[in-house]
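Report on one structure; see the data block that follows.
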Amino acid sequence: MINVIVVGNGMVGYKFCEKFISKSGQENYQITVFGEEPRRAYDRVHLSEYFAGKTADDLSMSTANWYEENNIILNTSELITDINREQKTIHTHLEKTYEYDYLVLATGSAAFVPPIDGVEKEGVFVYRTIEDLDAIMTYAKKIKANGATEAAVLGGGLLGLEAAKAVRDLDLNAHVVEFAPRLMPRQLDQGASDMLQSKIEELNIGIHLNKATQFIDGEDSIKGMMFANDELLKVDMLVISAGIKPRDELGRVSGLEVGVRGGIVVNNKMQTSDPNIFAIGEVALYNQMIYGLVAPGYEMADVAAEQILKGDKTMRETIDMSTQLKLIGVEVASFGDPFIENENVTAIVYENKFSGIYKRINVTKDGKTLLGGILVGDSSDYNGLFQIYANAMALPANPEDLILGSRGGESSTLGSASDLPDTAVICSCENVTKGAICCSILDGTANTFGDVVKLTKATSGCGGCKPMVADLVKAAQKSIGKEVKESICEHFNYTRQELFDLVKINKYTNYYEVIDHHGNGDGCEICKPVVASIFSSIYNDTANKHVTTQDTNDRYLANIQRNGTYSVVPRIAGGEITPEKLIVIGEVAKQFDLYTKITGAQRVDLFGAQLDDLPKIWKILIDNGFESGHAYGKSLRAVKSCVGNTWCRYGMDDSTTFAIELENRYRGIRSPHKLKGGVSACIRECAEARGKDFGVIAVEGGWNLYICGNGGANPKHAVLLAEQINKETVFKYMDRFLMYYIRTAGPLVRTSTWLEKLDGGLDYLKEVIIHDRIGICETLEAEMEKLVGTFECEWKQVLEKPRLMKRFSHFVNSDEKDDNIEYVPLRDQKMPRPW
Amino acid sequence: MEGLLNQYETVNLSDVKVWFKAGDIKDFPSNRGGCIKYKNKQIAVFNFERRNEWYACQNACPHKMEMVLSRGMTGSTDGIPKIACPMHKKTFSLVDGSNLNGDDFKIATYPVKVEGNEVFVGFLE
């Protein structure tokens, strides 16, 4: 039997036991644990929750019989006083002696108390153990009864701010006193600290920076703190949280090597200068550093356990000090090197004082690598940023998108958890990789999020990785065909695809039929347009048929703009237009005093049309051969083209004709999101076809077809679906691709996101729409054929049917126009008055 | 802008002094809104046919002060009848005007009564 003695029963000591028994099979080992505190190991990270009502049991790391069940002897309230390294024994304050083969020192650290005159006075506490907290609570109660109200915390670091919250929870006015010029000086820069300070001050917690405390005022008990500038802060209680001091006494008395400023020196195997003695956690001095975070402590525990069991795992050279937490209700995170500044690094900073958000990322000058960053006020991007940093992943073309995020309301630029490599560590507290999380689902050892947590321990540390783990579990479940509900809103417990099938099979033609049979309530602005879009996709109904359930753009067949007026975009397929038609547009614009602009999609947009002018404008346009350009619809907007070989000396084929054909074929078809296309006649790519949902580029011997790209907030290059195919084949694949997308995408999901989420990705898509693997190509083509032949111009319909015109007036009871609309001049035209 | 918003104050049924005839039932599309002009006010009137209820509120969305609420979509959240602004999708309770997205912006609501085929909106003056 080999004796392993663990000195210290904190989080890291406990983790060592857990790791050890999971690796050893235990038969040949006897683990004995000594703890000086009276209770089982507890979660010190969440200590302040003790003030918020959690009990010592709630915070406990294990159940009461865990040690017994695992054949571990736990001796609490017993302090080790000496080690005899020659005889391999330890001695306790109860004068007992125990033999060891391996000794693991996990004695942690104690609160560092700076040498200030008067710290021994009554009312001065440290913030470290449940006993400390009990003492603070008792004292607070006592002084409050005497009318005292003020308490200070010395130290503006992580724990100090936690302590300040605790003090506030005790109904005392809290002050934070910090020696450095900013809060959390090891994690935050000045800007981030300023933001955090103003957020904390909003909670009536006083912040005193740049304050060197000279002495503690008061007779026997504390009455105040005297600072170096002779300023006196009157307080009745002080909690010291100014850092930690490794508990290395045992190392010192037994002659182990210790650091100049404390800590037992260890190598990358966690061995001390005595190879049979290991040190882990906050007592261990590794790479000349004490790591006061739980994640490195856990990793050290893992390494020591492996080493004792003759494994070869060693500690990493660089230890990540990234942290994410919620301090007093304020989200704070820092990762990588938060401060780095030199000529090769650019710091990108976003600061919004109004909403209290500060974000900084440090990126290499070439924009390729993320080195670190800071988030205050909103740390929702932390997991994504941390993964990009930790896995050295490629950054988007504009790295600032990483913190400015979804400016166009599109999905995050951080991509999805599914993009990460299997080796990416998702839960750094427990060192759980993406591979481990997904595997447990894929091989059936876990079925739910809860199972995964139980099995891998992911999320059980700080919990910051929860959303990411949830995403991965969902993705893994999906990939093995498990149902993951993504219902569209509170009124329907169905996905868009399910609703699509329900409508098709039951032949519903009216929104209220659908909600009465399959939904509940009255519907809303989310589900109504979804169902309307489904009707259009199945029956090619124009928006005129479902006015009630269309949002404003489809209801009025124009795009609502900033001042509530609308803009008008006639179709100019492929960007080709006659001079006569250009003149008509110009004349309409003049007559109705509209602002005109050439759009990015080679069309002309006419802005500032009032509701009742819309039919008048369209009357003229339609009389002159124009039709609706569907700029307002979730439908095909435009197919951009270059000039092509008709005029261009480089052109390899006739891109303009092709673009016009594509645009006319798919015009008016409603889809989950807007669609754009492009056709270029050579690889110079003047039509930017690969930034579109579909793009066609002429090459030697035919056309290359690209799909699922887009511009917008999260630009994506389209990917190659097929090479050197003829026009006919392009149409065939396009029919299948578009119909498959229309049938299966979620509401407002663009083709790029749809492809990202498609199980099997591009390869699977190719199988389905090129090789007809699941035998649906004929159906897709037939469904598309039905839509293609039935296009009707919605504006023409309106003008032909006077009853449809009724909706285009501002007032029900008056012919007047909306008199609220004001314009200001802009470069010989006009724009809405500023908001 | 504030002046514009100050014109609109919720009127309780018990305080109505003037019942203004807004139009006939057929003037208002079902399950949608229509805007009426009363003195210098723009009021959105909703024929919530699905619930057999009528509502009225200011036409200005308090977020950006545009006269657009009558062009929004009606619906419900947890059973509360609501209107979604077509500009930025802020949603307001048609019962008490509160913002269902939790922001501060509120809208003023007005009582509606239907007598025979005629629709009336209640005002203080």
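Computation of the quantities below employed the complete heavy-atom set of this structure, encompassing side-chain atoms and omitting hydrogens, waters and symmetry-equivalent molecules.
Between A:N813 and B:A22, the shortest heavy-atom distance links the atoms CB-O, 3.7 Å.
The contact between B:T91 and chain A is made entirely by side chain atoms (from C-beta outward), counting heavy-atom distances below 4.5 Å. Residue A:L611 touches chain B through its side chain alone, counting heavy-atom pairs closer than 4.5 Å. Contacts of A:Q561 with chain B are made by backbone atoms alone, with heavy-atom separations under 4.5 Å and no side-chain atom involved. Heavy-atom distances place the side chain of B:M87, and not its backbone, under 4.5 Å from chain A. Within the 4.5 angstrom heavy-atom criterion, only side-chain atoms of B:H88, from C-beta onward, approach chain A.
Side chain of A:D522 to main chain of B:K82: no donor-acceptor pair is present (N/O by atom type, distance under 3.5 Å, no hydrogens or angles). Checked by atom type and distance alone, the side chain of A:E525 never pairs as donor or acceptor with a backbone atom of B:G75 at under 3.5 Å.
A:E490 contributes atom CD, which lies 5.0 Å from atom CG of B:D78 (distance to the nearest 0.5 angstrom). Once rounded to the nearest 0.5 Å, the distance linking CG of A:D819 with CE of B:M67 reads 7.5 Å. Note that the OG1 atom of A:T549 and the CE atom of B:M73 stand 6.0 Å from one another [nearest 0.5 Å]. Atom CD1 in B:I83 sits 12.0 Å away from atom SG in A:C524 (nearest 0.5 Å).
In terms of heavy-atom pairs under 4.5 Å with chain B, the best-connected choice from A:V547, A:N520, A:V812 is A:V812. Highest contact tally toward chain A, considering only B:K89, B:K21, B:R51, B:Q42, is held by B:Q42 [criterion: heavy-atom pairs under 4.5 Å].
With a 6.0 Å radius and a threshold of 12 heavy atoms from other residues, nucleotides or ligands, B:E9 has its CD atom at or below the threshold. Residue B:K113 places its NZ atom among more than 12 non-hydrogen atoms of other residues, nucleotides or ligands, all under 6.0 Å distant.
Side-chain contact between B:R50 and A:I515 is present, with at least one heavy-atom pair separated by less than 4.5 Å. Residues B:N59 and A:H810 have side chains in contact (heavy-atom distance under 4.5 Å, counting atoms from C-beta outward). Using a 4.5 Å heavy-atom cutoff, the side chains of A:H491 and B:S76 are in contact.
Scanning residues 29-41 of chain B against chain A with a 4.5 Å heavy-atom cutoff picks out B:S30, B:N31, B:R32, B:G34, B:C35, B:I36, B:K37, ordered by number.
Residues A:N563 and B:E66 bring no donor and acceptor atom of their side chains to less than 3.5 Å of each other.
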Q. Where do B:R71 and A:I560 land on the side chain to side chain contact (heavy atoms under 4.5 Å, CB included) test, with the steps shown first?
A. CA-CA 10 Å; B:R71 291 180 244 159; A:I560 195 166; 4.0 Å; yes
